[in-house]
Participant: 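Have a look at the structure that comes next, please.
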Amino acid sequence: MAVGLDLLVQFFPNFASIVLAATGLAIIFGIMGIINLAHGEFIMVGAFSTSLAYNGGIPFLPIDALPGLGRLIGAMLFAALVTALFGLLVERTIISGAIPNWIAERTVGHPVITPLYDRLLDSMVATWGLSLIMVQTFRNVFGNSLSGVPIPFGKLSYGNSSIGLYQVLLAGVAALVLVGLYLLFVRTDYGMRARATIQNESMAQSLGVNTERTYMATFALGSGLAGLTGALYAPLLSIEPGLGAAFLVDAFVAVVVGGSSVVVGTLLSGGLLGIVDTLFSNVYGTFAGRIALLIVAIVLIRFIPEGLSSLVERLRERRLEVD
Amino acid sequence: MLELDGVRAGYDSTPILRNVDLSVEEGEIVGVMGKNGVGKTTLVKTVMGLVEPDQGTVRFDGRDVTDTPPHERARSGMGYIPQGREIFPDLTVEQNLRMGESINEDSSDLLYEDVFDYFPILDERRDQNGGTMSGGQQQMLAIARALVANPDLLLLDEPSEGIQPSIVAQISEDMRAINEDLGTTILFVEQNLSVIRDMADRCYAMERGTIVDELGATDLEDEATIASYLAV
Ligand SMILES: Nc1ncnc2c1ncn2[C@@H]1O[C@H](COP(=O)(O)OP(=O)(O)OP(=O)(O)O)[C@@H](O)[C@H]1O
Ligand SMILES: [Mg+2]
């Protein structure tokens with residue numbers, strides 16, 4: 001019984017870290033057909049911005065003077081916003097090439113960059129290069145680490161053990177993020193346009209959708225979510241330039257296992273991989289947990305290459321046939 | 001309303017359209033007929049902005065739109081009904097219709113009532129996914145989607161393709177009614193003789209990427225003339 005409870009409690013932070021690591025990557029992949037290998041470094045931007053804002057490192061913006069929990073929440077929201085804006089800049093320069101092309105058309109007379117939309121491999125190469133540049137730049141500018149951010153809320157005791165309440169609450173935040181994204185895609189005009197654009201881009205354009213704007217918003221949203229993840233994990237991490245790598249691995253595995261449907265895919269892979277990670281890490285140690293995660297991912301990709309979310313699609317189609 | 005002047009266009013380096021001159025006046029229903037592969041779809045896509053001409057100009061509502069992207073042409077009043085319908089399969093009927101709402105920013109009218117009058121089946125199937133509808137129903141949805149925001153010009157690419165003959169006649173009739181009731185100008189391309197005869201006020205004939213003839217109302221009463229441009 002105590003073991004069962006222990007596993008259940010441990011499951012929450014594992015679920016949270018996989019879901020929060022994956023959503024930003026999943027959105028950008030699902031809607032734009034781009035694998036952002038700098039995703040971990042976007043998370044790093046979020047963590048660094050949180051640390052700077054929390055510790056009073058942002059000129060003219062005294063977030064560190066906010067009272068109580070406001071200081072942490074303010075720093076986190078600031079970090080998500082900064083990362084979203086940074087993502088917008090990356091989209092306009094490297095991903096869409098809009099800014100370089102604007103300059104090139106006025107100097108050499110023709111565009112020089114073809115957008116990376118739906119060019120999976122090219123986008124991976126370009127964003128991998130970006131990630132290397134970002135890590136080195138951060139190392140040069142901020143040194144090897146920044147001062148940390150304290151963990152709020154203290155401990156939660158159960159039976160003979162205890163766990164940080166904050167780590168458990170992160171699972172709630174992850175669930176909220178998924179619900180929010182679901183509503184965004186199903187209920188809003190942006191969501192409808194984004195889905196139409198995935199299904200048939202030229203038709204969406206022919207009906208008046210500025211798909212370039214949709215892509216811009218999507219990349220900024222995905223980046224903002226990566227920034228939020230970095231912000232939420234800032235209290236749990238040492239704030240150093242290499243912190244993104246571990247997130248990227250989790251996110252990548254979760255997105256490949258989950259498939260192209262952002263919300264359903266992330267939920268299912270977060271749930272399943274969370275369970276696997278919890279079982280193996282708790283019983284055999286963290287390293288075994290990692291190995292088990294990879295083995296499960298490889299097996300799933302072998303047998304369900306379209307991802308877990310495709311199972312749900314298939315079920316739904318079968319039900320329609322029965323109707 | 002629409003004027004093409006010396007248009008040359010194609011894909012990558014293969015030119016398909018050559019020296020196309022064509023005009024459509026407000027309120028008209030104009031057809032372009034031609035056999036398989038003469039360039040009808042390329043023509044419609046050039047009007048919509050999905051294919052860029054490398055020579056010539058496209059004017060719409062008095063403005064030169066040759067370099068205007070498709071989403072801006074839609075917003076300035078073009079409603080496009082592509083060959084093969086291109087319904088968004090995973091959006092519901094209602095969401096497919098809502099996607100048409102950005103067409104024609106100058107008109108704030110949304111014509112849901114008219115659209116459901118013409119195509120009551122769409123009202124009944126509102127919550128069904130577009131991809132699960134039959135070919136004929138998808139054609140109605142594609143027309144309704146392009147029509148709902150009251151466009152000035154409807155562009156129709158082979159509305160009869162892949163549809164039961166009984167529904168084909170119905171669609172010609174609906175298009176004439178739409179033109180009469182709402183004053184919508186229509187440009188369509190076709191190779192189905194009866195659709196050309198029933199729908200067009202006037203019709204261009206296209207061969208190997210260029211306009212070779214223009215048929216007025218009296219010419220269109222003579223099926224043999226129409227057939228001469230469609231026969232293999
Ligand atoms: N995306 C494309 N890339 C290259 N060539 C194309 C493309 N689309 C069409 N073509 C070629 O352009 C020519 C004209 O095609 P188009 O689709 O305009 O003809 P069409 O008159 O609409 O034919 P159909 O009656 O079959 O619809 C054809 O030879 C076709 O093979
Ligand atoms: Mg065609």
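Convention: sequence-line order gives letters A, B, ...; per-chain numbering from 1. The structure displayed is predicted, hence computed values, not measured ones.
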Participant: Please name the pair of heavy atoms, one in A:Leu207 and one in B:Gly100, separated by the smallest distance, quoted to 0.1 Å.
Facilitator: CD2-CA, 4.4 Å
Participant: Treating A:Gln199 as the side-chain partner and B:Asp90 as the backbone partner, does any N or O pair qualify as donor plus acceptor under 3.5 Å?
Facilitator: yes
Participant: Give the member of B:Met48, B:Lys45, B:Glu101 that has the highest number of heavy-atom pairs under 4.5 Å with chain A.
Facilitator: B:Met48
Participant: Is any side-chain heavy atom of B:Pro69 less than 4.5 Å from a side-chain heavy atom of A:Gln205?
Facilitator: no
Participant: Can you tell if the side chain of A:Glu212 reaches within under 4.5 Å of the side chain of B:His71, non-hydrogen atoms only?
Facilitator: no
Participant: Between A:Ala196 and B:Phe88, which heavy-atom pair has the shortest distance, and what is it?
Facilitator: O-CE2, 3.4 Å
Participant: A:Arg193 and B:Ser102: which non-hydrogen atoms are nearest, and at how many Å?
Facilitator: NH2-OG, 4.2 Å
Participant: Could you tell me which non-hydrogen atom of A:Gly208 sits nearest to which non-hydrogen atom of B:Ala74, and how far apart they are?
Facilitator: N-CB, 3.5 Å
Participant: Given a strict heavy-atom distance threshold of 4.5 Å, which part of B:Pro89 is in contact with chain A: side chain, backbone, both, or neither?
Facilitator: both
Participant: Any heavy-atom pair between the side chains of B:Glu72 and A:Asn210 that's under 4.5 Å?
Facilitator: no
Participant: For the candidates B:Met78, B:Gln95, B:Arg73, B:Glu105, which exhibits the highest count of non-hydrogen atom pairs separated by less than 4.5 Å from chain A?
Facilitator: B:Gln95
Participant: CZ of B:Arg85 to CE of A:Met203: how many Å apart, nearest 0.5 Å?
Facilitator: 12.5 Å
